[in-house]
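Below, chains carry the letters A, B, ... as their sequence lines are ordered, and counting in each starts from 1. Note that the coordinates shown come from a computational prediction; the quantities given were computed from them, not determined experimentally.
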Protein chains: 2
Amino acid sequence: MAGHQRISTANDQRENGRQQVFEAIRQAGRIARIDIARETQVSPATVTAITSELLSAGLIEEITPEGDRTGAKRGRPRVALKVRGAAHLIAGIKISDRSATVILVDFEGQTVGEYDHELPGPVMSPEEMVSLVMRALGGACNAAGRDISEVSGVGLGIAGLIDATRNFVHWSPSLDQRNVELGRMLSDAMPVPFYMDNDANLVAKAEQLFGEARNVSDFIVITIEQGVGMGIVIDGRIYRGERGCGAEFGHTKVQLDGALCRCGQRGCLEAYVGDYALLREANIRGSAQPEDDLSALYARAKAGDAMARSIFDRAGRMFAMGLANVINIFDPSLVILSGEQMTFDFLYGSDVLERVKSSVVQVDAPLPEIRVHKWGDLMWAKGAAACAMEGVSELTIRNLGADAA
Amino acid sequence: MAGHQRISTANDQRENGRQQVFEAIRQAGRIARIDIARETQVSPATVTAITSELLSAGLIEEITPEGDRTGAKRGRPRVALKVRGAAHLIAGIKISDRSATVILVDFEGQTVGEYDHELPGPVMSPEEMVSLVMRALGGACNAAGRDISEVSGVGLGIAGLIDATRNFVHWSPSLDQRNVELGRMLSDAMPVPFYMDNDANLVAKAEQLFGEARNVSDFIVITIEQGVGMGIVIDGRIYRGERGCGAEFGHTKVQLDGALCRCGQRGCLEAYVGDYALLREANIRGSAQPEDDLSALYARAKAGDAMARSIFDRAGRMFAMGLANVINIFDPSLVILSGEQMTFDFLYGSDVLERVKSSVVQVDAPLPEIRVHKWGDLMWAKGAAACAMEGVSELTIRNLGADAA
DNA sequence: ATTATTTTTTTCAAAGATCAAATTAAATGA
DNA sequence: TCATTTAATTTGATCTTTGAAAAAAATAAT
């Protein structure tokens, strides 16, 4: 298996063509046929053939030209194509410890509705999770004035060790059991294609479809939420590893026999930069008043409190070390750091990034670009929707071939 | 670029077919057409067409059936195909600090000749390197009774930061300059296709073509020579990163502000497990007689010397930590550890491997297989030959298409 | 107002590729 | 010697892509 393309029957070939043309249109936003041909290296004749298929399937649409044609060159004007938003309605759901956030987007990625469903508690049984997801989904549809039957794909994001290829949960902080076939359970409860993945991969997918990595085929996303996550994109696809639980950045070891992690092992990065780790430090270090609020601790550090500052300092140094290791291993062209406000201040600050750069193997070539991307609250849900969107696109286009035959 | 196959013109498609069929034949060693069809999912008709092309190009050959057909089923007997060794002669060259090892192999991978060329010194100028390689190549051909003009591809392996896609040397311990266009220089000096890569990728390629990873599409190779190297194979292809210098396992940090590495940074894995690091430790730790022979130090450790033992012990713990990090990130199905005799005893021992396993994120799924593969001296050179072989195969098959047109 | 020019898109016929089905080849069993 | 079985090849049909030609739709020029 030395990495050659699979041989393709005529039908497969046309399907590939459709996928590729559709992807080009989505990526560009709006693009004329001639530019699709240029970009995909496919002849204009084929582009015409494929786009007419996609048009009659309702997946894309022509943009009616605006009156404003000042400064136009002569010649037949190009007509731009775009994804037809109305083609599909997609839902993305993100489970955090406090609530289930739902976002509804159309096939163009435009937000159609948002919805927030509070959780009774942070941990629940698989069955409760299923009913919760269904209720949240129903609530979101209601709020947006849509019927649940209009939704053609659902994506779910939860924290933990998720095997997305098998829709299997090895472990999640939101579930009271390990090894749950959550995907099967939810697929059964749902009348539409269902996809799930862990936090970091969601963000990676969102960055790839809508965000900073729109034209990048190899990049890495680091996320800090409760834990520390990583999404790896290689050759345009999310890398998941054999058992689907690779990219465990938060549990790479940064200190031999180091601090105890909630995973039970010692020296994990998460045990130095996670919320609970910082608070633990603060309390151990004999502060007079026991601390249980991270933002208060952070405020004290900013105010100059030496003890508090040293806690964040060490976290930053450990994080820099871990990130440098990832860069040394992958030599990516782009690293995207993503997380909440405070994270940005103490983990994504310029001093930490400087430290990362000085810990990367030095060559006379530009260092990988490290971009910091602050998202709104809906980032995670939008990522979940992005996953579902990709799945629905592929399915639809595949079926399109089957229909024709 | 969401990872779809490139659309393929008719000619491309046939080329893919040829590549795939040829690869199947090489992988199997000897295989009948009907089995190729089964394995590659291509119809027998197409297999017949493609194999007849490859046959008439002289790249493969039919195996004349042996007399022994006892226990044969009835029906027309299958005739096996194999790669035709005589089709090409390939050279692999490995530069170490003491010598240039050359191996000549035929297109089947069978060794045709070996040759060792001693170096005047471990470090040289790019020009000296070129002339050295050419002399070593000439010497090998001479010794094997072949003419240098018969060689149809040359692969070179050297240590350091190599950008194999651009045949560029960022840095190598064998060269007295950084940033050398060694590939261009050698291509100019050589009348045949030339390929180069760093140590670890050579081994990965050798494992993939001839070794333990023959049917595995995702695996990781760790090598210990002077430094510590890693080769990453994802989806059948070597992953190289953006600047071609990823997989720098030896310079991932295992200790914050730790031991000084020869790369100038602190806390690199190499600074704990490399030869020089171990000797440095031995001398610092106030042993009576200064130590400069690693095997002597190792002997003392085995004999029970507590100081010596603690040195190797720490190296083992650090190595385990680094390896566990790699596994946590990649979740590969297979890890191959490769190196010299002593390495096996103190880094690849069962206690270290146990430690690795206990530092990997725990899920209820089988751990990645860690296989230890001890190679002979010629491993590196054979890997270089494997790289060249892959290149020559692809080129030949591509040109085959151009000839027909 | 009409014609020429330019650029995009579509149509059409040619060139290949894959495959299912039929045919041929080459063995064993009866 | 003939039936049976399995492998390999041939053949005709179907489907794709593409280059070239034609059509379409605008602006520029006369």
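- There is no side-chain donor-acceptor pair under 3.5 Å between B:Thr396 and B:Ser393.
- Going from atom CZ of A:Arg14 over to atom P of C:dG16 covers 20 Å, rounded to whole Å.
- To the nearest angstrom, P of D:dT18 lies 14 Å from CD1 of A:Ile34.
- Regarding B:Arg76, its CZ atom lies at a distance of 17 Å from the P atom of C:dT23, rounded to whole Å.
- Distance A:Arg33 CZ to D:dA24 P: 15 Å, rounded to the nearest Å.
- Distance alone, capped at 3.5 Å, is enough to place a donor-acceptor pair between the B:Asp106 side chain and the B:Gln110 backbone.
- Nucleic acid contact class of B:Val79 (heavy atoms, under 4.0 Å, all strands): sugar-phosphate only.
- Atom CD1 in B:Ile31 sits roughly 14 Å away from atom C1' in D:dA7 (whole-Å rounding).
- Residue B:Ala32 has its side chain nearest to D:dA8 when only D:dT18, D:dA8, C:dT10 are considered.
- For B:Arg146, the salt bridge (Lys or Arg N to Asp or Glu O under 4.0 Å) partners at least two apart in sequence or on another chain are B:Glu150.
- A distance of 9.5 Å separates CZ in A:Phe219 from OG in A:Ser333, rounded to the nearest 0.5 Å.
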Check your understanding: Could you go step by step and tell me if A:Arg33 and A:Arg78 meet the side chain to side chain contact (heavy atoms under 4.5 Å, CB included) rule?
Key -> CA-CA 8 Å; A:Arg33 290 177 178 78; A:Arg78 42 183 65 183; over 6 Å; no
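- Using a distance-only test at 3.5 Å, with no hydrogens or angles considered, no donor-acceptor pair links the side chain of A:Tyr195 to the main chain of A:Val154.
- Residue B:Arg74 contributes atom CZ, which lies 16 Å from atom C1' of C:dA25 at whole-angstrom precision.
- OP1 or OP2 of D:dT18 lies within a sub-4.0 Å distance of a side-chain N or O belonging to A:Thr46.
- If you take CD of A:Gln13 and P of C:dG16, they are 15 Å apart, rounded to a whole angstrom.
- Between A:Phe330 and B:Phe330, the angle of the ring planes lies from 30° to 60°, which puts this pair in the tilted group.
- At a non-hydrogen distance threshold of 4.0 Å, nothing from residues 51-60 of chain B comes into contact with DNA chain D.
- Residue order along DNA chain D, read from the 5' end via each residue's closest nucleotide, puts B:Arg38 first among B:Arg38 and B:Ala49.
- Spacing between atom CD1 of A:Ile50 and atom C1' of C:dT10 amounts to 15 Å, rounded to whole angstrom units.
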